[in-house]
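Scroll down for the structure; my scribbles are underneath it.
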Amino acid sequence: MPEMSSSKIGSSASTKTSEFPHRRSITTISMIADAMQRENLKMTENKSAHEKIFDELVTATKILINERIMDTFGHISARVPEDPQSFFLAQKLAPSLITVNDIQRFNLDGETSDNRPSYLERYIHSEIYKARPDVQCVLHTHSPAVLPYCFVDQPLRPVTHMGAFLGDAVPVYEIRDKHGDDTDLFGGSPSVCRDIAESLGSYPVVLMARHGVVNVGNSVREVVFRAFYLEQEAAALTAGLQIGTIKYLSPGEINAAGKLVGAQIDRGWDHWSQRLRQAGLA
């Protein structure tokens with residue numbers, strides 16, 4: 001059998017490689033198209049997730065107003081699911097006016113590229129998200145039944161199963177410790193709000209002395225649930241103190257009841273959402 005020269009072998013290989021160049025082009029185009037499709041799908045999923053969060057933030061605000069927990073100056077935020085370094089919070093408006101079109105996006109320094117007015121207390125949210133990677137939602141209110149515990153020496157401790165999530169006692173941030181007694185008591189600077197986050201620690205609630213309340217949680221729904229039962233718990237404790245000696249929850253009761261009640265979040269959300277519809281607010 002005659003031997004094939006190396007030049008013929010090289011020529012044959014070159015011919016095979018160059019014979020169907022369009023195949024490589026088609027493969028490349030197909031890969032690019034697949035990548036674009038995946039990216040578009042991801043963008044669609046993110047948009048859908050964002051829309052759901054916007055809806056929940058608006059509904060949460062309405063629930064909190066309707067249940068008389070949030071007043072004119074409250075606000076609630078949610079961390080961006082695919083970007084833990086960002087969060088959503090409505091622009092500076094009276095809560096009853098907020099719609100899904102009013103949501104702004106902030107980084108963890110409390111800054112946004114949105115040129116609409118922003119809440120001065122946005123740093124409460126940014127500093128807590130920065131300090132607590134586990135937190136997915138932050139709420140600030142002046143919850144009426146809770147407010148007295150912001151200016152008395154009586155600790156706010158759980159007295160019923162519905163308040164077990166509070167733990168042993170609600171911590172209090174005292175602005176006078178670092179800033180003296182001539183401040184506006186406001187959470188309007190990163191440094192003050194950094195201290196608020198530090199006082200919060202690993203708890204689900206912190207009180208701001210002579211000011212208000214901050215709730216945190218793993219979801220918008222959980223925070224609304226906690227805000228409602230924090231208000232109820234504070235009212236029950238205040239009433240109990242006027243009647244007799246309080247028997248607070250034991251550590252074992254806090255642990256067991258907290259797990260049981262914590263599984264009922266959607267039930268609460270469904271109930272309060274229905275009350276909105278009945279009131280013509282949804």
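- No side-chain donor from either of Q91 and S118 sits under 3.5 Å from a side-chain acceptor of the other.
- Neither side chain, E253 nor H161, offers a donor N or O lying under 3.5 Å from an acceptor on the other.
- Cluster annotation: V170 and L249 are assigned to distinct hydrophobic clusters (Ile/Leu/Val/Met/Phe/Trp/Tyr, side-chain heavy-atom contacts under 4.5 Å, transitive).
- S273 and D270 share no side-chain donor-acceptor pair at under 3.5 Å.
- A chain of hydrophobic side-chain contacts below 4.5 Å, direct or via other Ile, Leu, Val, Met, Phe, Trp or Tyr residues, connects L93 to L281.
- Partner M70 forms a side-chain contact (heavy atoms from CB on, under 4.5 Å) with one of V224, L139, I63 and no other, that one being L139.
- A distance-only check finds no donor-acceptor pair linking the side chain of E127 to the backbone of I196 [under 3.5 Å].
- In this pair, H140 and H142 present their aromatic rings perpendicular. The plane angle is above 60°, beyond the 30 to 60° band.
- Listed by first and then second residue, the salt bridge (charged side-chain N to carboxylate O under 4.0 Å, His left out) pairs involving residues 234-243 amount to none (not counting sequence neighbours).
- Remark: side-chain polar atoms of Y229 are not paired, donor with acceptor, to backbone N or O of A164 under 3.5 angstrom.
- For F88 and F54, the ring centers are positioned less than 6.0 Å apart.
- A donor-acceptor pair under 3.5 Å is absent between the side-chain atoms of R157 and the main chain of Y248, judged by distance alone.
- The environment of CZ in R267 is sparse: at most 12 heavy-atom neighbours from other residues, nucleotides or ligands sit within 6.0 Å.
- With D109 contributing its side chain and E111 its backbone, the two residues share no donor-acceptor pair below 3.5 Å.
- For W272 and F228, the distance between ring centers is under 6.0 angstrom.
- Between H211 and F186, the ring planes are tilted. Angles from 30° to 60° get that label.
- In the hydrophobic clustering of ILVMFWY residues, with side-chain heavy atoms under 4.5 Å counting as a link, V152 and V206 come out together.
- Applying the salt bridge (charged side-chain N to carboxylate O under 4.0 Å, His left out) test to every pair with at least one member in residues 209-221, sequence neighbours left out, gives these pairs: E56-R221, E174-R210, R221-D266.
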Residue pair S191, Y123: steps toward the side chain to side chain donor-acceptor pair (under 3.5 Å) verdict: CA-CA 9 Å; S191 61; Y123 300 113; over 6 Å; no
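- Note: Y119 and H125 fail the aromatic proximity criterion, with ring centroids not under 6.0 Å apart.
- With K62 contributing its side chain and A282 its backbone, the two residues share no donor-acceptor pair below 3.5 Å.
- Other residues sharing the hydrophobic cluster of L147, ordered by chain and number and joined by side-chain separations under 4.5 Å: none, the residue standing alone.
- When only modelled atom types and interatomic distance are considered, Q136 and N218 share no side-chain donor-acceptor pair under 3.5 Å.
- Counting only distance, with no hydrogens or angles, the side chain of R79 and the backbone of V138 share no donor-acceptor pair below 3.5 Å.
- No side-chain donor-acceptor contact under 3.5 Å links R226 to the backbone of P204.
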Intermediate values then yes/no, salt bridge (charged side-chain N to carboxylate O under 4.0 Å, His left out), R105 and D114: CA-CA 7 Å; R105 183 169 179 160; D114 192 319; over 6 Å; no
Side chain to side chain contact (heavy atoms under 4.5 Å, CB included) assessment of N215 paired with V213: CA-CA 7 Å; N215 297 77; V213 189; 3.6 Å; yes
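- A donor-acceptor distance shorter than 3.5 angstrom exists from the side chain of T61 to the backbone of L57, with no hydrogens or angles considered.
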Working for side chain to side chain donor-acceptor pair (under 3.5 Å), residues R275 and Q278: CA-CA 5 Å; R275 280 172 53 81; Q278 291 171 343; 5.7 Å; no
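- Cluster membership for F73 and I76, using ILVMFWY side-chain heavy atoms within less than 4.5 angstrom, is not shared.
- Formation of a donor-acceptor pair under 3.5 Å by the K92 side chain with backbone atoms of P117 is not found in this model.
- Y129 is linked by a ring pair (Phe, Tyr, Trp, His ring centres under 6.0 Å) to F87, counting only residues two or more places apart in sequence or in another chain.
- For E231, the side-chain contact (heavy atoms from CB on, under 4.5 Å) test picks out I69, S143, P144, A145, V146, with sequence neighbours left out.
- No continuous path of hydrophobic side-chain contacts links I254 to L237 [ILVMFWY only; heavy atoms under 4.5 Å].
- In this structure, Q274 places its CD atom where more than 12 heavy-atom neighbours from other residues, nucleotides or ligands lie under 6.0 Å away.
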Working for side chain to side chain contact (heavy atoms under 4.5 Å, CB included), residues M162 and F225: CA-CA 10 Å; M162 298 306 295; F225 187 92; 4.0 Å; yes
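- Residues satisfying the side-chain contact (heavy atoms from CB on, under 4.5 Å) criterion with K259, sequence neighbours excluded, are N255.
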